[in-house]
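Below is one structure; the comments refer to it alone.
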Amino acid sequence: MHDSVKMALDETRTLILGAQILLGFQFQAAFQNRFDSLPTHARAMAAGALGLMLLTTGLLIAPSSYHRIAADGYGTGHFLRLVTYMTASALLPFTIAFGLDVAIAAEHILDGNGRAGGAVGAGLAGLALIAWYGTGMMMKRHIGAAERHAAGMRRNRRVLPPLHARIEAMLTEARVILPGAQALLGFQLVIVFAAAFETLPAASRLVHGAALLCVALSVILLVMPAALHRIVWAGEDSERFLSVGGAVTAMALVPLALGLAGDSYVVIARIAGPRTGAATAIAVACLLYGLWFAWPMVMRRSRNA
């Protein structure tokens with residue numbers, strides 16, 4: 001069971017490594033020199049793609065948060081099914097955002113030909129859907145029945161893995177979360193030197209500064225378990241390290257959600273105005289805190305009831 005849990009977390013880590021590229025692009029695009037010259041529909045597509053990538057990031061990180069808060073690091077059949085549903089759900093907004101970004105770039109390359117750019121974006125999004133969903137659905141008809149049956153038989157199992165496996169899973173959870181923080185922190189540090197940043201209202205610059213501090217704190221917390229493990233416990237297994245490292249990893253999500261919401265305000269306010277930016281930031285904060293904290297806590301209480 002614990003090998004299956006680690007593999008599931010590793011798969012979400014692979015997906016978020018791909019998602020961080022688009023997430024970083026979405027935050028930076030609005031501050032590029034030619035962004036203001038894009039047609040209105042292209043800027044709206046960029047804003048929509050940012051929202052979709054934030055949803056993707058939230059869904060991909062949710063299993064790590066759930067495993068730490070609701071499952072207490074246990075290996076369960078329920079958690080394995082949860083990872084399957086979350087990753088499958090995350091690929092859909094990822095695909096749409098991918099298509100929108102390619103369409104924007106293709107339209108610009110093709111001298112403003114929106115129809116051709118849209119066709120290129122839709123074509124690549126369709127190819128991604130076939131590769132990520134269609135191929136698996138077709139293969140599922142002919143192979144994998146025995147493995148799916150075995151997974152179904154473990155649905156209600158709840159196993160406490162060995163200490164080493166639980167520590168490995170906790171460190172993997174930190175590695176799942178870190179790419180999202182890295183993508184945002186890179187944007188936050190670089191963007192202050194962009195010419196467009198100087199044109200932002202004072203409120204947006206202050207929000208960006210606060211968001212930068214939040215994400216920097218999140219990165220510090222995510223790196224902290226590995227540092228403590230090496231310095232305090234010399235890399236050896238310890239229940240105390242598992243407890244401390246797990247708490248620190250979960251705590252890192254609090255400022256990360258604030259940072260994502262804050263810079264969502266900055267980007268959307270630049271594209272569509274401060275009111276839309278504020279509404280977007282509130283929606284992002286509610287989404288992330290709901291996925292990462294409220295839902296796991298509710299599930300934990302229902303399990304203990």
Side-chain angles (χ1 to χ4, degrees), residues 16 18-32 35-36 38 40-62 65 89-90 92-94 96-98 100-101 104 177-192 194 196-219 222 252-295:
I16 203 166
Q20 73 168 339
I21 298 172
L22 280 186
L23 182 64
F25 167 75
Q26 301 303 161
F27 277 113
Q28 293 189 46
F31 293 89
Q32 298 303 307
F35 185 83
D36 289 336
L38 292 178
T40 302
H41 71 269
R43 285 179 284 166
M45 288 164 63
L50 172 59
L52 290 168
M53 287 312 303
L54 288 167
L55 174 59
T56 299
T57 301
L59 289 170
L60 290 175
I61 290 177
S65 175
S89 300
L92 183 58
F94 189 0
I96 299 172
F98 183 36
L100 290 173
D101 286 335
I104 294 169
I177 301 167
L178 188 57
Q182 286 176 320
L184 184 55
L185 184 62
F187 152 76
Q188 290 174 321
L189 292 173
V190 169
I191 209 66
V192 297
F197 186 80
E198 302 299 327
T199 67
L200 291 178
S204 291
R205 293 200 297 272
L206 287 174
V207 170
H208 177 77
L212 192 158
L213 292 177
C214 286
V215 177
L217 175 59
S218 180
V219 170
L222 289 169
L253 290 172
V254 176
L256 179 58
L258 285 175
L260 287 166
D263 270 319
S264 297
Y265 167 81
V266 174
V267 173
I268 300 301
R270 173 165 166 73
I271 296 173
R275 289 187 178 180
T276 305
T280 300
I282 293 170
V284 169
C286 291
L287 170 70
L288 297 182
Y289 282 122
L291 281 174
W292 296 350
F293 293 101
W295 174 51

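One is the number of the first residue; the rest follow in order along the sequence.
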Q | Pairwise salt bridge (charged side-chain N to carboxylate O under 4.0 Å, His left out) hits with a residue in residues 271-290, at least two apart | A | none
Q: Sequence neighbours left out, what passes side-chain contact (heavy atoms from CB on, under 4.5 Å) with Gln20? Give chain and number order.
A: Leu17, Pro179, Gln182, Ala183
**Q.** Pairs where residues 264-290 contributes a residue and the test ring-ring contact (aromatic ring centres under 6.0 Å, His included) is met, not counting sequence neighbours
**A.** Tyr289-Phe293
**Q.** Qualifying residues under side-chain contact (heavy atoms from CB on, under 4.5 Å), relative to Thr276, sequence neighbours excluded
**A.** Ile268, Ala272, Thr280
(Q) Suppose we screen for side-chain contact (heavy atoms from CB on, under 4.5 Å). Which residues come up paired with Leu212, at least two apart in sequence or across chains? (A) Gln188, Leu189, His208
Q | Exercise: identify the closest heavy-atom pair between Ala90 and Leu60 | A | CB-CD2, 3.7 Å
Q) Donor-acceptor pair, Ser204 side chain versus Val266 backbone, under 3.5 Å? A) no
Listing, residues 44-55 side-chain donor-acceptor contacts under 3.5 Å, not counting sequence neighbours, or none:
none

Q.
Looking at every non-hydrogen atom in both residues, tell me the closest pair between Gly58 and Leu288 and how far apart they are.
A. CA-CD2, 3.8 Å
Q. Any side-chain heavy atom of Leu59 sitting closer than 4.5 Å to one from Phe94?
A. no
Q. Can you tell me how far OG1 of Thr56 sits from CZ of Phe98, rounded to the nearest 0.5 angstrom?
A. 12.5 Å
Q | Smallest separation among heavy atoms of Glu198 and Val192, with atom names | A | OE2-O, 3.9 Å
Q) Which atom pair, heavy atoms only, marks the closest approach of Ala181 to Val219? A) CB-CG2, 3.8 Å
(Q) With rounding to the nearest 0.5 angstrom, report the CG to CZ distance, Leu200 to Phe31. (A) 4.5 Å
Q) Taking C-beta and beyond as the side chain, do Val267 and Gln26 meet within less than 4.5 Å on heavy atoms? A) no
Q. Among all residues two or more places apart in sequence or in another chain, which pass the salt bridge (Lys or Arg N to Asp or Glu O under 4.0 Å) test with Arg43?
A. none
Q: Please identify each residue that fulfils ring-ring contact (aromatic ring centres under 6.0 Å, His included) with Phe27, with sequence neighbours left out.
A: Phe187
Q.
Using the side chain to side chain contact (heavy atoms under 4.5 Å, CB included) definition, which of the options Leu258, Leu291, Ile61 pairs with Leu253?
A. Ile61
(Q) I'd like to know if the side chain of Thr199 and the backbone of Ala196 have a donor-acceptor N/O pair within less than 3.5 Å. (A) yes
Q: Could you tell me which non-hydrogen atom of Ala261 sits nearest to which non-hydrogen atom of Val284, and how far apart they are?
A: CA-CG1, 3.9 Å
Q) How long is the gap from CG on Leu256 to CG on Leu260, to the nearest 0.5 Å? A) 4.5 Å
**Q.** Non-neighbouring partners of Leu217 that pass side-chain contact (heavy atoms from CB on, under 4.5 Å), sequence neighbours left out
**A.** Leu221, Pro255
(Q) Using 0.5 Å steps for rounding, measure from the OG atom of Ser218 to the CD1 atom of Ile177. (A) 7.5 Å
Q) Which pair of non-hydrogen atoms, one from Gly259 and one from Val215, has the smallest distance, and what is that distance? A) CA-CG2, 3.7 Å
